[in-house]
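Note that this is a predicted model, so its numbers are computed, not measured. Order of listing sets the numbers, starting from 1, for every ligand and every atom in it.
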Amino acid sequence: MKIFIDTANVKEIKEAASLGLIDGVTTNPTLMAKEGREMKQVLKEICDLVSGPVNAEVISTQTEEMVKEAHELVKIAKNIVIKLPLIKDGLKAVRILTAEGIKTNVTLCFSAAQALLTAKAGATYISPFIGRLDDISQEGMDLISDIKKIYANYGFKTQIIVASVRNPMHVVNAALLGADIATIPYPVIEQLIKHPLTEIGLNRFLDDYKKAFQGNNAK
Ligand code: G3P
């Protein structure tokens, strides 16, 4: 499973990239707003750091405007992917951009029916929002499993990006279900690395070593 980082924070991307774990980046208008910087400049800096897909979301909600925005965004770098909302105009824009060879990611997916239509429109990626479904007491992972099955039934090439990831179990379950990608916020990437038994075990190893070789009796 590929790992994308879900952030527009360049410092976080730099840190995660230094771990060699980052296959791509997803941003959205909320994440951009958090940075409080000019969006194209931020995207340029991100594209300089990451060679994989860098997802930039359009703000317009009308097909024609979305396509215009997309044309501007793809000028930033060749690894830009255009993120569009899962609305009628968004699906129309996907069809146009796909025909032009521009990669798309359809976001804010909350149902298998929406994911089916997205694949039929020819999108490169679909982003089902797992955490937000969990928030309303619906099992988010069931959606991933349904989309996987539907895409396999018909051989759709659209890749599933598990999004709205909130904790390590979301990542593990995404991998168990065979999702193509999980896009993960930086704090969750850190949580994935840590395990209390690793820390306890390491401290014991180092203490034992110190006692044996660096204590009073050490030669
Ligand atoms: O990738 C989508 C993500 O940014 C949304 O996450 O936690 O706001 O539901 P969240």
Side-chain angles (χ1 to χ4, degrees), residues 1-13 15-17 21-37 39 42-43 45-47 49-50 52-61 66 69-70 73 79-87 90-91 94 103-112 114-115 118-119 123-148 158-175 177 179-192:
M1 183 174 72
K2 287 189 176 154
I3 291 181
F4 287 6
I5 185 167
D6 193 28
T7 184
N9 184 283
V10 173
K11 218 170 128 203
E12 287 182 348
I13 294 168
E15 185 55 32
L21 291 175
I22 300 306
D23 300 303
V25 178
T26 50
T27 66
N28 64 37
T30 303
L31 294 171
M32 279 294 172
K34 255 197 199 165
E35 298 310 304
R37 301 173 55 211
M39 174 164 144
V42 173
L43 288 166
E45 288 173 28
I46 297 174
C47 290
L49 287 170
V50 177
V54 173
N55 288 255
E57 190 160 339
V58 298
I59 309 299
S60 322
T61 52
M66 288 172 169
E69 260 191 78
L73 289 168
N79 50 335
I80 288 280
V81 172
I82 303 301
K83 235 175 137 184
L84 305 126
L86 212 162
I87 56 176
L91 293 180
V94 166
K103 290 191 172 140
T104 57
N105 172 5
V106 176
T107 187
L108 290 165
C109 170
F110 294 98
S111 79
Q114 289 180 316
T118 299
T124 320
Y125 303 101
I126 179 76
S127 291
F129 275 31
I130 298 318
R132 292 192 195 183
L133 282 171
D134 289 353
D135 288 345
I136 58 158
S137 308
Q138 244 177 278
E139 183 52 71
M141 277 301 155
D142 288 351
L143 177 57
I144 302 302
S145 152
D146 287 349
I147 299 173
K148 272 290 289 179
T158 304
Q159 295 177 54
I160 303 170
I161 303 182
V162 177
S164 186
V165 163
R166 305 273 177 77
N167 58 58
M169 282 319 289
H170 278 155
V171 180
V172 171
N173 287 326
L177 288 173
D180 300 289
I181 300 146
T183 188
I184 313 174
Y186 184 72
V188 179
I189 294 180
E190 288 212 310
Q191 280 179 297
L192 284 170

Is there a donor-acceptor pair under 3.5 Å between the side chain of Glu69 and the backbone N or O of Ser60?
yes
Side chain to side chain contact (heavy atoms under 4.5 Å, CB included) against Ala17, all qualifying residues, sequence neighbours excluded
none
Go through the steps for Glu35 and Val10 under the test side chain to side chain contact (heavy atoms under 4.5 Å, CB included), then give the verdict.
CA-CA 9 Å; Glu35 298 310 304; Val10 173; over 6 Å; no
Which of these, Thr26, Val42, Asn9, Asp6, sits in a side chain to side chain contact (heavy atoms under 4.5 Å, CB included) with Leu31?
Asp6
Go through the structure and list residues passing side chain to side chain donor-acceptor pair (under 3.5 Å) with Asn105, not counting sequence neighbours.
Asn55, Ser127
Please list, by chain and number, the protein residues whose heavy atoms come under 4.0 Å of ligand 1.
Asp6, Asn28, Phe129, Arg132, Ala163, Ser164, Arg166, Thr183
List for me each residue that meets side chain to side chain donor-acceptor pair (under 3.5 Å) alongside Arg37, sequence neighbours excluded, and say none if there are none.
Glu45
